[in-house]
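Encoded as structure tokens, the structure appears first; notes follow it.
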Amino acid sequence: MKIIDLLKDNKPHLSCELFPPKKWENLEAAKTVVAEMAALKPDYMSVTYGATGGTSKYTTDLLSEIQTKHKIPALGHLTCVSSDKATVDNMVSTYKANGIENILALRGDIPADSGFEPSKDFKHSCDLMAEIKSMGNFCIAGACYPEGHPESKSVEEDLEYTKLKVEAGCDFLITQMFFDNNILYNYMYKLMKKGIDVPIDAGIMPVTNKAQIARIISLSGNLVPPRFKMIVDRFGDDPLAMKQAGIAYATEQIIDLFANGVNCVHIYTMNHPEVAGEIFKNLSYIAPRAN
Ligand code: FAD
């Protein structure tokens with residue numbers, strides 16, 4: 001099933017992101033995580049893809065498990081920063097052969113090591129989207145950045161390129177995480193002014209430990225609102241209290257998004273079904289799951 005067909009109605013949608021294992025011996029454990037997450041009945045589940053493609057086999061394994069065994073629409077991430085056309089075509093064909101109709105097309109982060117050779121065939125995600133489009137009738141998603149992509153000079157510049165993604169065939173956009181909903185509302189206004197009218201799936205990260213927040217800020221430069229900082233300062237050294245506060249904060253963010261007409265929320269689960277489960281439970285009347 002194409003995810004874009006799910007997202008167009010006016011109901012609240014919840015989906016989950018997972019990452020694949022790095023090693024074969026952890027695949028069965030990852031499948032258990034998939035099963036526990038699938039039991040929550042998210043509208044769809046996505047699986048990340050290593051920027052250099054090293055774990056692509058496990059990404060496909062988990063996507064097949066989600067879709068074939070658990071009958072939940074699966075969204076396969078795909079990056080191109082280090083891939084040539086043949087590698088990308090092979091991966092898209094593999095997704096197709098496994099019945100995966102939905103692809104999140106990404107450039108990927110440029111690895112810091114000096115010897116890295118960027119792809120000659122794909123400079124940006126829009127090049128990858130055009131390639132996927134040429135290979136079949138896929139539903140294509142792209143990433144967008146309410147606070148601007150870290151490499152962009154401004155949100156405005158990044159929006160110009162976001163528009164190119166939509167013109168290249170991107171059916172819907174998933175946002176980078178944000179911790180202040182006003183940032184998203186402001187961004188959505190800018191998207192509208194640019195004429196970008198594809199569905200926006202709001203990415204929410206439940207921050208359940210102190211180390212996570214330091215990493216998030218260093219990777220994405222996210223703004224941390226004072227209210228959130230107070231929570232980390234107060235509960236960061238008490239793991240159970242921090243987990244509870246992080247779940248409550250993410251739940252409140254999602255309720256506010258739904259109340260303000262943002263219907264699609266994608267949860268960055270960090271492979272923690274119990275965290276996603278608490279959030280789903282908190283939203284059981286707000287975003288009820290189909291039986
Ligand atoms: P692009 O769209 O290519 O944008 C990168 C930069 O180039 C931006 O500054 C943009 O403004 C600019 N740009 C875009 N198009 C053009 C153009 N035509 N000309 C000039 N400049 C341009 N990473 C992974 O490795 N694996 C994953 O599975 C993964 N999943 C993600 C899921 C989501 C929802 C998000 C938000 C991010 C994810 N990432 C993942 C991280 C992502 O790969 C990085 O943020 C990466 O730096 C940018 O990817 P992109 O697809 O947005 O790149």
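Atoms within each ligand, like the ligands themselves, are counted from 1 in listed order. Computed from a predicted structure; not experimentally measured.
Nearest protein heavy-atom contact of atom 49 (O) of ligand 1 is Tyr145 OH, 3.5 Å.
Near Leu164, the atoms of ligand 1 lying under 4.0 angstrom from a non-hydrogen atom of the residue are 18 (N). Residue-ligand proximity, Thr79 to ligand 1, at heavy-atom distances under 4.0 Å covers atoms 24 (C), 25 (O), 26 (N). For ligand 1 and Ala51, the ligand atoms under 4.0 Å from any heavy atom of the residue are 25 (O). Less than 4.0 angstrom separates some heavy atom of Leu106 from each of these atoms of ligand 1: 27 (C), 28 (O), 29 (C), 30 (N), 31 (C), 38 (C), 40 (C), 51 (O). Listed by number with element, the atoms of ligand 1 under 4.0 angstrom from any heavy atom of Gly108 are 43 (O), 46 (C), 47 (O), 49 (O). Residue Leu104 has at least one heavy-atom neighbour below 4.0 Å for each of these atoms of ligand 1: 32 (C).
Distance alone, capped at 3.5 Å, is enough to place a donor-acceptor pair between the Tyr249 side chain and the Phe179 backbone. Judged by distance alone, the side chain of Ser154 and the main-chain N or O of Glu157 form a donor-acceptor pair under 3.5 Å. The backbone N or O of Cys144 lies less than 3.5 Å from no partner atom in the side chain of Thr162, so there is not a single donor-acceptor pair. Side chain of Gln212 to main chain of Asn209: a donor-acceptor pair is present (N/O by atom type, distance under 3.5 Å, no hydrogens or angles). Looking at Asp43, its side chain never comes within 3.5 Å of a backbone N or O of Ser15 through a donor-acceptor pair.
The heavy atom nearest to atom 41 (C) of ligand 1, out of those in Thr162, Asp201, Asp109, Leu128, is found in Asp109. When Leu75, Asp158, Thr175, Leu159 are ranked by how near their heavy atoms come to atom 10 (C) of ligand 1, first place goes to Asp158.
Just one of His266, Met1, His13 meets the side chain to side chain contact (heavy atoms under 4.5 Å, CB included) condition when paired with Tyr44; it is His266.
Here the shortest heavy-atom pairing between Phe172 and Ile3 reads CZ-CG2, 3.7 Å.
At least one heavy atom of Lys165 sits less than 4.0 Å from an atom of ligand 1.
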